[in-house]
Amino acid sequence: MTQEAAARDDFLSKVTRGALIPQHLIPYLEAVSEFTPEVYGSCLVYFSEEKPKTPAKKSYSSAAVKYSSTFDAEEEEAAPAGTNAYVIGYPINPSQEDKTAELPEGYDQITQEELTEAIEMTLRRQDLSRITVISPVHPEAAPGWALCQNAAFWQIPIEPLKAPVSKKLGFVKHMLSKENVTQEKWGQDHEILVSKYMANAKIPADGAPVYTRIKEYLKSCPDAALFSLRGAYSRLEAFAVADFSSCHTAFYMFSLIAGRPSPSTVQYLMTAIAQEAGQRGYSRMNVGLGNEQSMSFLQGHWKAKPFLTYTETSWNPHGLTKADEELLKPAPKGQPQKNIYMRSEAGIEKKPDWKDMLKSLFWPIKRK
């Protein structure tokens, strides 16, 4: 390894240790995707090679993976292979070993000059087919045909907690409790749960790398932990993954639940993760993207609150595509507006669909 490569790896390691958002957890994104991280100016930038497209229904996801928003289009024209770029426009924070300390000053601030520098450096790539920028502010360098939306990263304070039990659970509450949640290694029943979810959701094997590479993520990242909730006869009811790679912020990454999603099931998993985070000395946990509606169930018992504004702006450097035009079309009269993106030039803030946010937290599947 050259001295330059060693210095780069050392810097990226420090990025992870100071992470406040999942996009700065480099071992996570490297394990569940084919992204190549680079540092452009003050920003982290990921690149992924795009395979040649054929006209078909398509789902396009941003670099956030679990926290990603999805661009859905009924039809997309055939296009040659290219490169997708994801500019992470959040300050790279220095590592701080004091897990109970306040967040460093300026942790949520980035200047338009810094964003523009990273965007211009990214646009120099000749094979670039799409660029997505996530940042606390809307990038002024984005063209008028870019699509944008807004949300926020939420966190909960880590303190002694008891898992609330829903009175509507009936006999189930006697079978499931926080004591049934344990840290485990990835096993065959976890694989089966993922396979059932992907089959029921009709997701192709290569269409959801975050699902199929959880095992690799847990193996390659020593600070990632798997929490399993088991019911009668040790049957796997749900699992969740947490990441403790950051010096000062614990992460609730994602969960998958067998059967219908139950708030209490999520509560049990979150309680176990919060307790583990507390034992490790953390005082806060990032629980992902959302808005007032999608995070309402966490605001009471968990005292969840937004702490980082999230703006996602995406565009094709060569102009407005047919797929983007479909996203901008208004819904037919009498039907709800499905698309949540607006032109960048419109200057209108649109919040993500709260139902989609709940799905990103629960990942439910139906048992046959």
Side-chain angles (χ1 to χ4, degrees), residues 9-10 12-37 44 46 61 63-68 88 90 92-93 95-97 99 153-156 158 178 181-194 197-198 208-230 236-257 265-266 268-289 360-363:
D9 290 346
D10 181 65
L12 293 178
S13 176
K14 290 180 179 179
V15 171
T16 298
R17 297 294 289 167
L20 283 171
I21 59 174
Q23 290 84 354
H24 282 167
L25 296 173
I26 294 173
Y28 163 64
L29 285 180
E30 286 185 330
V32 303
S33 70
E34 297 178 352
F35 297 148
T36 303
L44 203 62
Y46 291 95
S61 298
V65 188
K66 172 227 164 180
Y67 306 96
S68 66
I88 313 303
Y90 288 86
I92 296 174
N93 296 295
S95 302
Q96 63 177 53
E97 295 298 335
K99 298 176 181 178
F153 285 106
W154 287 63
Q155 68 174 7
I156 62 172
I158 301 300
K178 63 181 180 180
V181 181
T182 57
Q183 287 193 53
E184 298 181 353
K185 292 185 178 180
W186 187 259
Q188 185 177 5
D189 46 0
H190 298 94
E191 293 278 6
I192 293 173
L193 199 57
V194 170
Y197 166 73
M198 294 182 66
V210 68
Y211 305 135
T212 57
R213 297 177 184 172
I214 297 176
K215 179 180 179 179
E216 287 72 14
Y217 168 38
L218 294 169
K219 184 177 180 179
S220 63
C221 184
D223 292 310
L226 174 67
F227 293 79
S228 300
L229 174 63
R230 296 187 178 276
L236 182 64
E237 300 292 341
F239 70 80
V241 176
D243 197 304
F244 304 106
S245 299
S246 173
C247 285
H248 47 67
T249 303
F251 288 85
Y252 177 93
M253 301 300 289
F254 45 76
S255 60
L256 196 153
I257 300 172
T265 301
V266 176
Y268 290 135
L269 290 168
M270 291 194 70
T271 297
I273 294 174
Q275 289 176 342
E276 176 65 21
Q279 292 175 4
R280 292 177 182 238
Y282 290 97
S283 61
R284 68 185 68 88
M285 181 163 67
N286 185 321
V287 292
L289 280 174
S360 72
L361 275 177
F362 294 146
W363 289 4

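Atom NZ of residue Lys215 and atom NE2 of residue His190 lie 12.0 Å apart, to the nearest 0.5 angstrom. Annotation: the span from Leu269 atom CG to Thr265 atom OG1 amounts to 7.0 Å, rounded to 0.5 Å. The CG atom of Leu229 sits 12.5 Å away from atom CZ of Phe227, with the distance rounded to the nearest 0.5 Å. The distance from the CG atom of Asp223 to the CG atom of Asp243 is 7.0 Å, given to the nearest 0.5 Å. Separating the CG atom in Leu20 from the NE2 atom in His248 is a distance of 4.5 Å, to the nearest 0.5 Å. We find the OG1-CZ distance between Thr249 and Arg284 to be 5.0 Å, quoted to the nearest 0.5 Å.
Between Ile257 and Phe239, every side-chain heavy-atom pair lies at or beyond the 4.5 Å cut-off. In this structure the side chain of Val287 reaches within 4.5 angstrom of the side chain of Met270, judged on heavy atoms. Contact of the Trp186 side chain with the Glu191 side chain is registered, since non-hydrogen atoms from C-beta on lie closer than 4.5 Å.
When the side-chain contact (heavy atoms from CB on, under 4.5 Å) test is applied to Ala19, the partners found at least two apart in sequence or on another chain are His24, Leu25, Ser246, Phe251. Applying the ring-ring contact (aromatic ring centres under 6.0 Å, His included) test to Tyr217 and every residue at least two apart in sequence or in another chain returns Tyr28. Looking at residues two or more places apart in sequence or on another chain, you find a side-chain contact (heavy atoms from CB on, under 4.5 Å) between Pro37 and Arg8, Leu12, Ile26, Glu30, Tyr46.
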Evaluate side chain to side chain contact (heavy atoms under 4.5 Å, CB included) for Arg230 paired with Thr182, printing each intermediate quantity in order. CA-CA 8 Å; Arg230 296 187 178 276; Thr182 57; 5.5 Å; no

Yes or no on side chain to side chain contact (heavy atoms under 4.5 Å, CB included) for Val181 and Ser228, after CA distance, side-chain angles and deciding distance? CA-CA 5 Å; Val181 181; Ser228 300; over 6 Å; no

Evaluate side chain to side chain contact (heavy atoms under 4.5 Å, CB included) for Phe244 paired with Glu276, printing each intermediate quantity in order. CA-CA 10 Å; Phe244 304 106; Glu276 176 65 21; 3.8 Å; yes

Kindly determine whether Ile88 and Ile21 satisfy side chain to side chain contact (heavy atoms under 4.5 Å, CB included), including the steps that lead there. CA-CA 10 Å; Ile88 313 303; Ile21 59 174; 3.8 Å; yes

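For Trp154 and Tyr252, the ring centers are positioned 6.0 Å apart or more.
Of all non-hydrogen atoms in Pro27 and Ser220, the two that sit nearest each other are O-OG, 4.5 Å. Of all the heavy atoms in Leu256 and Tyr197, the pair that sits closest is CD1-CB, 4.0 Å. The minimum heavy-atom distance between Ala31 and Arg213, with the atom names listed, is O-CD, 3.4 Å. Looking at every heavy atom in both residues, Ala250 comes nearest to Tyr282 through N-CD2, 3.6 Å. Listed here is the closest heavy atom pair of Leu44 and Gln23: CD2-O, 3.8 Å.
Although no hydrogens or angles enter the test, the distance criterion places a donor-acceptor pair under 3.5 Å between the side chain of Ser33 and the main chain of Leu29.
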